[in-house]
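Computed from a predicted model, the values in this text were never measured in an experiment. For reference, positions follow the sequence shown, starting with 1. In listed order, ligands and their atoms are each counted from 1.
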Amino acid sequence: MNNEKIANTLLQLADLLEFTGANPFRLRAYRNGGRIIKDQPESIASLIESGQDLTELDGIGKSVSEKCHELCETGSLKQMEDLLQKVPKSVLDLLKIPKLGPKKAAVLFNELGIENLDQLKKACEAGKVRELSGFAEKTEAQILAGISIAAAANERILWAVADKLALRLQRHMGQCKKVKQLEFAGSYRRGKETVGDLDMLVDSEDSSAVMDHFATFEEITSVIVRGDTKMSVRLENEFQVDLRVVPKDSFGAALQYFTGSKEHNVAVRGRAKQMGMRVNEWGVYDTSGHEEKWIAGKTESDVYKALKLPYFEPEIREARRELEWAEKDELPQLIEVVDIAGDLHMHTTATDGKNSIEEMADAARERRLKYICITDHSKRVAMANGLDEERLLAQWKTIDKINKASEDDFVILKGVECDILEAGGMDIEDKVLAKADFVIASVHYGQNQPRQQITDRIIGALENPHVSMVAHPTGRLLNKREPYDVDMEAVFQAAKANKKLMELNANPIRLDLNDVYLLMAKTMGIPIVINTDAHRIAGLNNMQYGVKQARRGCLTAFDVANTRDWKKMKKMIGK
Ligand code: DGT
Ligand code: CA
Ligand code: CA
Ligand code: ZN
């Protein structure tokens with residue numbers, strides 16, 4: 001019983017309880033407990049085993065502790081099973097619809113008997129939903145628009161979630177002695193922001209032993225298909241994992257084939273054909289002679305080498321520019337996490353962050369960064385206790401003091417995440433912005449405005465001489481919210497003309513800019529800044545996801561501004 005599973009069970013329990021109108025305090029306890037356990041570094045199961053009292057952990061009360069014990073001892077929750085007799089699990093999908101809260105979802109279930117997204121879609125189309133009390137025609141239209149987002153969320157999981165799953169699978173498969181090599185292929189290996197299913201590749205002589213072992217992975221709920229060398233399973237969260245077992249001489253060829261993308265492979269196969277060769281998941285074959293001859297397949301590099309091609313990093317195998325670059329010997333040297341020197345977007349307890357300036361700074365030192373910029377929200381974001389000019393100036397004074405007292409070269413920069421107001425213009429006075437080291441401009445409100453209006457607001461911010469960068473430029477939240485309607489090319493042109501930077505927000509649910517926009521920015525010569533937008537210490541670890549996305553955008557360390565020390569970066573923003 002791992003922490004992830006305990007946490008997910010508690011969160012699911014809370015959601016299911018919503019549909020039965022249970023006590024909200026109980027629900028909150030389960031939700032908080034679930035979140036805390038998700039972030040808990042130690043295994044709850046081993047804490048229990050060692051006799052530790054779980055209620056001593058922050059935020060874990062008696063009811064959550066009891067559920068943890070029951071889960072670790074019996075593998076399930078009696079209460080959950082009873083609930084599932086009354087409420088089908090598919091109702092949880094209704095909660096994935098943006099802006100449809102649990103209360104409204106419960107009304108749909110209780111009044112109309114709606115149990116899943118399909119039934120909800122039909123009810124909306126038949127105009128039944130608008131007749132419920134508390135629902136209007138507009139609500140119905142919103143729900144209808146949100147169903148496709150919810151359905152897509154069911155089909156693809158965030159890369160960061162797939163990554164954790166891959167680690168658990170790797171640990172599990174590592175216990176089988178017949179496994180010689182293991183790699184994950186597909187979109188996961190290419191670092192795509194969301195992953196449809198996980199493709200696992202194993203080198204082994206004994207595929208049936210490997211499959212038997214795979215079948216004992218604790219998160220599997222059903223086996224979809226099992227053949228001689230291929231097996232597909234479904235996990236608790238409905239996610240699919242494909243396993244393929246291949247002999248060692250074909251491992252590299254299979255890895256190359258199943259990593260894709262399909263389009264990259266089509267291009268590679270086309271090249272092979274021209275050279276009198278053939279490629280498939282077993283290897284590269286010379287077809288020029290009388291009889292076809294296997295010539296390579298052990299490693300991916302062997303496969304590419306046989307075709308007189310360099311090795312392609314998986315993140316750029318999308319048939320965009322990589323074959324053309326290879327031809328000219330111009331493949332980019334992709335950025336790595338160690339290249340990052342500073343992080344220029346993060347929050348503290350002054351607004352909606354969970355840690356102090358000093359705590360964020362020390363955590364950044366531990367992560368070997370040379371500088372950070374504190375960028376709390378501005379006053380427009382009242383919900384997060386955003387800073388007005390006075391509080392902002394006071395915070396900067398504090399930062400000056402901390403820097404002065406510091407004994408190393410680490411620098412804390414004075415910044416702000418300043419809202420771009422709905423009517424255009426910045427939320428903080430220019431004469432204050434002028435004193436900042438780094439000013440972020442962000443759209444948080446008025447996201448549904450027409451294209452021209454949003455575009456003009458962002459361009460307006462880029463034309464402000466004190467602004468350094470626009471954060472999360474399209475505002476999308478993966479599986480949750482579409483990007484706002486904005487003319488990105490016009491925005492990039494304004495960034496270029498005003499020598500401004502654009503953010504790649506590393507939060508795994510944002511990853512904004514996306515890969516295609518990153519490549520566009522690179523081509524236009526606009527520097528990208530990869531920031532975590534951390535709201536707590538652990539958030540600083542999100543840098544890895546941003547770097548992965550940057551690699552998909554074909555960015556090198558040179559293309560990313562915050563690989564430079566602050567002195568050099570300062571010049572880039574004209575300070
Ligand atoms: P996903 O799972 O939707 O996030 O995306 P992928 O890229 O992981 O796609 P998937 O799982 O269907 O297949 C994994 C890789 O296997 C894919 O990137 C390329 C290769 N592949 C699968 N089926 C075919 C096929 O019919 N033709 C070719 N050329 N390649 C295929
Ligand atoms: Ca896949
Ligand atoms: Ca697959
Ligand atoms: Zn932020």
Judged by atom type as modelled, is there a donor-acceptor pair below 3.5 Å linking the side chain of [X] to the main-chain atoms of [Y]?
{"X": "S378", "Y": "D419", "result": "yes"}
{"X": "N562", "Y": "I530", "result": "yes"}
{"X": "D203", "Y": "F251", "result": "no"}
{"X": "N531", "Y": "D533", "result": "no"}
{"X": "T287", "Y": "G276", "result": "yes"}

Ligand 1 versus [X], non-hydrogen atoms closer than 4.0 Å: side chain, backbone, both, neither?
{"X": "D199", "answer": "side chain"}
{"X": "D242", "answer": "neither"}
{"X": "K192", "answer": "neither"}
{"X": "Y257", "answer": "both"}

Point to revise | Positive for salt bridge (charged side-chain N to carboxylate O under 4.0 Å, His left out) with E193, one of R510, K548, R552, R476 | key: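 Among R510, K548, R552, R476, the one that satisfies the salt bridge (charged side-chain N to carboxylate O under 4.0 Å, His left out) with E193 is R476.
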Exercise for review: Evaluate the ring planes of H535 and H377, with Trp represented by its six-membered ring, and classify them as parallel (under 30°), tilted (30 to 60°) or perpendicular (over 60°).
Suggested key: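 Correct class here is tilted.
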Review point. Is the Y371 ring parallel, tilted or perpendicular to the W566 ring (thresholds 30°, 60°)?
Key: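 Y371 and W566: tilted rings.
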Point to revise | salt bridge (Lys or Arg N to Asp or Glu O under 4.0 Å) evaluation trace for K5 with E218 | key: CA-CA 10 Å; K5 182 162 175 192; E218 64 171 7; 5.1 Å; no
Practice item. Decide yes or no on salt bridge (Lys or Arg N to Asp or Glu O under 4.0 Å) for R320 and E263, but give the supporting numbers first. Key: CA-CA 9 Å; R320 290 188 185 132; E263 293 73 18; over 6 Å; no
Exercise for review: Using distance alone, determine whether R156 and ligand 1 share an N or O pair under 3.5 Å.
Suggested key: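 Yes, since at least one N or O of R156 sits under 3.5 Å from an N or O of ligand 1.
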Check your understanding: Given K262, R269, Q256, which one has a non-hydrogen atom that is nearest to atom 27 (N) of ligand 1?
Key ->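 Among K262, R269, Q256, the closest heavy atom to atom 27 (N) of ligand 1 belongs to K262.
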Yes or no, since that's all I need: does a protein heavy atom fall within a distance strictly under 4.0 Å of [atom]?
{"atom": "atom 9 (O) of ligand 1", "value": "no"}
{"atom": "atom 23 (N) of ligand 1", "value": "no"}
{"atom": "atom 3 (O) of ligand 1", "value": "yes"}

Review point. Under 3.0 Å from the Ca ion (ligand 2), is there an N/O/S atom belonging to D242?
Key: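 Under 3.0 Å: D242 has no N, O or S contact with the Ca ion (ligand 2).
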Check your understanding: Does the distance from a Lys or Arg side-chain N to an Asp or Glu carboxylate O, for R551 and E313, drop under 4.0 Å?
Key ->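 Yes, R551 and E313 are salt-bridged.
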Check your understanding: Hey, are K164 and E4 close enough for a salt bridge, meaning a charged N less than 4.0 Å from a carboxylate O?
Key ->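 No, K164 and E4 are not salt-bridged.
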Check your understanding: Any heavy atom of T259 sitting closer than 4.0 Å to ligand 1?
Key ->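 True for this residue.
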Review point. Which one of M360, R365, E359 satisfies the side-chain contact (heavy atoms from CB on, under 4.5 Å) criterion with D362?
Key: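 Between D362 and the candidates, side-chain contact (heavy atoms from CB on, under 4.5 Å) is satisfied uniquely by R365.
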Exercise for review: Answer yes or no for H345: is there an N/O/S atom below the 2.8 Å cut-off from the Zn ion (ligand 4)?
Suggested key: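 A backbone or side-chain N, O or S atom of H345 is under 2.8 Å from the Zn ion (ligand 4).
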Review point. Taking both backbone and side chain into account, is any N, O or S atom of H347 nearer than 2.8 Å to the Zn ion (ligand 4)?
Key: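 A backbone or side-chain N, O or S atom of H347 is under 2.8 Å from the Zn ion (ligand 4).
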Exercise for review: Would you name the N/O/S atom of E417 that lies closest to the Zn ion (ligand 4)?
Suggested key: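 Result for E417 and the Zn ion (ligand 4): OE1.
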Check your understanding: Hey, which N, O or S atom on D533 ends up closest to the Zn ion (ligand 4)?
Key ->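 The Zn ion (ligand 4) is closest to the D533 atom OD1, counting only N, O or S.
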Using a 4.0 Å cutoff against the non-hydrogen atoms of [X], which atoms of ligand 1 qualify?
{"X": "D197", "result": "2 (O), 11 (O)"}
{"X": "G196", "result": "1 (P), 2 (O), 3 (O), 4 (O)"}
{"X": "R190", "result": "7 (O), 18 (O)"}
{"X": "G186", "result": "8 (O)"}
{"X": "F258", "result": "14 (C), 15 (C), 16 (O)"}

Check your understanding: Looking only at protein heavy atoms, which one is nearest to atom 1 (P) of ligand 1, and how far off is it?
Key ->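 Closest protein heavy atom to atom 1 (P) of ligand 1: S187 OG, 3.4 Å.
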Check your understanding: Closest to the Ca ion (ligand 2), which N/O/S atom of D199 is it?
Key ->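 Nearest N/O/S atom of D199: OD2.
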Exercise for review: Write the atom name of the N, O or S atom in D197 that is nearest the Ca ion (ligand 2).
Suggested key: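 So the atom name we want here is OD1.
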Check your understanding: Going through the checks in order, is the side chain to side chain contact (heavy atoms under 4.5 Å, CB included) test met by T216 and H172?
Key -> CA-CA 9 Å; T216 65; H172 175 77; 3.2 Å; yes
